[in-house]
Trainee: 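I have a structure here, written as structure tokens, and I will follow up with some questions on it.
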Amino acid sequence: MELSETQLSEHFEATIARQGRIEPRDWMPDGYRKTMIRQIAQHAHSEIIGMQPEGNWITRAPSLRRKAILLAKVQDEAGHGMYLYAAAETLGTDRADLTERLIDGRQKYSSIFNYPTLSYADVGVIGWLVDGAAICNQVPLCRSSYGPYARAMVRICKEESFHQRQGYELLLTMMRGSDAQKAMVQESVNRFWWPSLMMFGPPDAQSPNTERSMAWGIKRHTNDDLRQRFVDMTAPQADRLGVTLPDDKLRWNEARGHHDFGEVDWAEFKAVVGGAGPCNADRIARRQAAHDAGSWVREAAMAHAAKH
Ligand code: FAQ
């Protein structure tokens with residue numbers, strides 16, 4: 001028996017209400033499909049563009065051990081991009097089309113990857129702060145309502161957590177080193193702290209998608225809640241490391257049971273998301289060049305697939 005649109009919609013809402021999973025074969029509202037494609041594609045693009053800032057240091061790693069670790073991390077990010085593009089394809093999109101949308105600016109990637117990496121300490125700070133923020137944001141997404149996304153996230157989070165530890169271990173080593181090494185770590189923390197807080201998205205009052213995405217079980221927490229969680233997790237780690245987070249309003253608030261912290265520069269966030277960050281143009285140009293350079297591989301793979 002054919003189900004009516006109303007019945008299908010009721011079934012969808014009931015699945016969401018009992019915290020069940022929506023699978024590719026299931027009926028879903030167009031808005032849900034669109035939102036999932038937007039979020040998954042943006043996440044996939046972030047992983048792929050996110051290979052560039054750290055990849056910049058592979059040839060200049062200070063030892064064979066550090067180089068092997070960094071190579072593995074950057075390869076993991078490529079893997080995350082692949083699982084996520086595959087998850088997006090279950091919604092009826094096509095990876096080639098998503099890549100085109102990234103390159104021509106119709107789809108976004110995380111603001112954080114538009115900042116430059118200026119020293120090897122940045123490799124450690126990206127692991128500690130950027131992967132740390134990614135974990136805070138993504139662990140709840142393992143319970144996201146769309147099955148393929150939630151399952152991809154389980155594996156991604158395991159790897160991100162390893163990435164965060166390698167970053168923190170690199171920084172601990174540098175902080176046991178010379179004054180110049182300690183200064184390098186502090187300088188890097190000063191540059192990456194505020195952009196890391198921006199990764200969680202605009203304040204809740206200015207986040208057009210949060211309410212709808214939470215009602216659909218796509219997002220499990222608001223942007224501000226996750227940002228707070230990240231600050232609470234990171235402040236004690238900074239103390240243990242011996243670095244100062246560049247915020248003179250940052251302090252423990254006993255009554256709230258959370259850290260208070262200063263205001264993010266939302267004008268900077270908007271500018272970076274809008275394309276005017278320090279590295280936006282470079283990141284896209286490099287992605288375009290890699291895409292062009294890989295065209296013969298795609299053609300050969302398609303020709304091979306057509307023969308079998
Ligand atoms: N950058 O209404 P909301 C990683 C956009 S981790 C750029 O709050 P939503 C791992 C947003 O898309 C980074 N744009 O939106 C790694 C929307 O615009 P739209 C990736 C941002 O979706 C580590 C508008 O602002 N992680 O890659 C940003 O409900 C180290 C309004 O915002 C994910 O993507 C931003 N920071 O919440 C790799 C996690 N924030 O699309 C390499 C999954 C917001 O309507 C090295 N995504 N916008 O035109 C999410 O959880 C959500 O999409 C949020 C945004 C929380 C990012």
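Each residue takes its place number in the sequence, starting with 1. In what follows, every heavy atom counts, from backbone to side chain, and hydrogens, waters and symmetry copies are set aside. Read the numbers this way: they start at 1 and go in the same order the structure lists the ligands and their atoms.
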Trainee: Going by the order shown, which atoms of ligand 1 are within less than 4.0 Å of some heavy atom of Tyr109?
Mentor: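 Atoms satisfying the 4.0 Å criterion: 1 (N), 7 (C).
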Trainee: For atom 11 (C) of ligand 1, which protein heavy atom lies nearest, and how many Å away is it?
Mentor: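 For this ligand atom, the closest protein heavy atom is Arg38 NH1, 4.0 Å.
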Trainee: Just need the protein heavy atom nearest to atom 10 (C) of ligand 1, so name the residue and atom and give the distance.
Mentor: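 The closest heavy atom on the protein side is Glu160 OE2, 3.4 Å.
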Trainee: What part of Phe200, side chain from CB on, backbone N/CA/C/O, both or neither, has a heavy atom under 4.0 Å from ligand 1?
Mentor: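 The answer is the backbone of Phe200.
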Trainee: I'd like to know if the side chain of Asn190 pairs up with that of Gln186 as donor and acceptor (distance under 3.5 Å, no hydrogens or angles considered).
Mentor: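 Yes, Gln186 and Asn190 have a side-chain donor paired with an acceptor closer than 3.5 Å.
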Trainee: Under 3.5 Å, is there a donor-acceptor pair between the Tyr149 and Thr90 side chains?
Mentor: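 No pair is found: no donor N or O on one side chain lies under 3.5 Å from an acceptor on the other.
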Trainee: Considering only heavy atoms, does Asn137 approach ligand 1 within less than 4.0 Å through its side chain, its backbone, both, or neither?
Mentor: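 Side chain only.
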Trainee: Provide the number and element of each atom of ligand 1 under 4.0 Å from a heavy atom of Glu54.
Mentor: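 Answer for ligand 1: 46 (C).
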Trainee: Just wondering, more than 12 heavy atoms not from Glu23 lying within 6.0 Å of its CD?
Mentor: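 More than 12 heavy atoms, drawn from other residues, nucleotides or ligands, come within 6.0 Å of this atom.
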Trainee: Would you say Asn56 and Gln52 are linked by a side-chain donor-acceptor pair, where the criterion is simply a distance under 3.5 Å?
Mentor: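 Absent: no donor and acceptor within the cut-off.
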Trainee: Arg229 and Asp225: salt bridge (Lys or Arg N to Asp or Glu O under 4.0 Å), yes or no, with the steps?
Mentor: CA-CA 6 Å; Arg229 200 178 280 203; Asp225 283 352; over 6 Å; no
Trainee: Identify the closest protein heavy atom to atom 57 (C) of ligand 1: which residue and atom is it, and at what distance?
Mentor: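 Going atom by atom, the protein heavy atom closest to atom 57 (C) of ligand 1 ends up being Met199 O, 4.0 Å.
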Trainee: Ignoring hydrogens and angles, state whether a donor on the side chain of His43 or Tyr109 is under 3.5 Å from an acceptor on the partner side chain.
Mentor: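 Not at all, the side chains of His43 and Tyr109 share no donor-acceptor pair under 3.5 Å.
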Trainee: Can you check whether Asn223 has an N/O within less than 3.5 Å of an N/O in ligand 1?
Mentor: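 Checking ligand 1 against Asn223, an N or O pair does fall under 3.5 Å apart.
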Trainee: Report the relative orientation of the aromatic rings in Trp193 and Phe230; use parallel for angles under 30°, tilted for 30 to 60°, perpendicular for over 60°.
Mentor: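 Because their plane-to-plane angle is under 30°, the rings of Trp193 and Phe230 count as parallel.
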Trainee: Between Ala88 and Thr93, which heavy-atom pair has the shortest distance, and what is it?
Mentor: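 Heavy-atom minimum between the residues: O-OG1, 2.8 Å.
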Trainee: Using a 6.0 Å cut-off, check whether atom CZ of Arg165 has over 12 heavy atoms from anything other than its own residue.
Mentor: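 Counting other residues, nucleotides and ligands, CZ of Arg165 stays at 12 neighbours or fewer.
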Trainee: Is Ala134 close to ligand 1, meaning an N/O of one under 3.5 Å from an N/O of the other?
Mentor: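 There is no such contact.
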Trainee: Write out the residue and atom name of the closest protein heavy atom to atom 23 (C) of ligand 1, then the distance separating them to 0.1 Å.
Mentor: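 Sorting protein heavy atoms by distance from atom 23 (C) of ligand 1 puts Asp131 OD1, 3.5 Å first.
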Trainee: Write down the atom of Ile126, the atom of Pro53, and the distance for their closest heavy-atom approach.
Mentor: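 For Ile126 versus Pro53, the nearest heavy atoms are CD1-CB, 4.3 Å.
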Trainee: Testing Asn137, Ile112, Asn223, Leu226 for side-chain contact (heavy atoms from CB on, under 4.5 Å) with Met199, which one passes?
Mentor: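 Running side-chain contact (heavy atoms from CB on, under 4.5 Å) over Asn137, Ile112, Asn223, Leu226 with Met199 returns exactly one hit, Ile112.
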Trainee: At the 4.0 Å heavy-atom cut-off, does Met51 count as touching ligand 1?
Mentor: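 So Met51 does not count as touching ligand 1.
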Trainee: Could you identify the single nearest non-hydrogen protein atom to atom 25 (O) of ligand 1 and state the distance to 0.1 Å?
Mentor: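 Nearest protein contact, heavy atoms only, for atom 25 (O) of ligand 1 is Pro202 CD, 4.4 Å.
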Trainee: Give the atom numbers and elements of ligand 1 that come within less than 4.0 Å of a heavy atom of Ser111.
Mentor: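 The list of qualifying atoms is 1 (N), 7 (C), 35 (C), 36 (N).
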Trainee: Students should be able to answer this: which protein heavy-atom is nearest to atom 13 (C) of ligand 1, and at what distance?
Mentor: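 Its nearest protein heavy-atom neighbour is Ser110 CB, 3.7 Å.
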Trainee: Which residue and non-hydrogen atom of the protein lie closest to atom 3 (P) of ligand 1, and at what distance in Å?
Mentor: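 Protein heavy atom with the smallest distance to atom 3 (P) of ligand 1: Ser207 OG, 3.4 Å.
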Trainee: My understanding is that we take every heavy atom of each candidate and find the minimum distance to atom 21 (C) of ligand 1. Doing that for Gln138, Gln42, His221, which one comes out nearest?
Mentor: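 Among Gln138, Gln42, His221, the closest heavy atom to atom 21 (C) of ligand 1 comes from Gln42.
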Trainee: When only distance counts, is Asn209 in polar contact with ligand 1, meaning an N/O pair under 3.5 Å?
Mentor: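 Among all N and O atoms of Asn209, at least one is under 3.5 Å from an N or O of ligand 1.
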Trainee: Please identify which atoms of ligand 1 are closer than 4.0 Å to at least one heavy atom of Tyr149.
Mentor: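 Counting atoms of ligand 1 from 1, those under 4.0 Å from Tyr149 are 43 (C).
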Trainee: Under 4.0 Å from any heavy atom of Val130, which atoms of ligand 1 are there?
Mentor: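 Every atom of ligand 1 under 4.0 Å from some heavy atom of Val130: 23 (C), 30 (C).
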Trainee: Nearest to atom 9 (P) of ligand 1, what protein heavy atom do you find, and at what distance?
Mentor: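 I find the closest protein heavy atom is Lys219 NZ, 3.5 Å.
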Trainee: Would you say the side-chain atoms of Asn253 and His258 include a donor-acceptor pair closer than 3.5 Å?
Mentor: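 The criterion, which ignores hydrogens and geometry beyond distance, is not satisfied for His258 and Asn253.
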Trainee: Atoms of ligand 1 less than 4.0 Å from Gly201 heavy atoms?
Mentor: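 In order of number, 40 (N), 44 (C).
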Trainee: Please check: side-chain N/O of Arg298 versus main-chain N/O of His291, any donor-acceptor pairing under 3.5 Å?
Mentor: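 Here the side-chain-to-backbone pair exists.
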Trainee: Is it true that Tyr85 and His45 have ring centroids separated by less than 6.0 Å?
Mentor: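 Distance test on ring centres: under 6.0 Å, yes.
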Trainee: Under a 4.0 Å heavy-atom limit, does Lys108 contact ligand 1 with its side chain, its backbone, both, or neither?
Mentor: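 Side chain only.
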Trainee: From atom 54 (C) of ligand 1, is the closest protein heavy-atom distance below 4.0 Å?
Mentor: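 Under 4.0 Å from atom 54 (C) of ligand 1, zero protein heavy atoms found.
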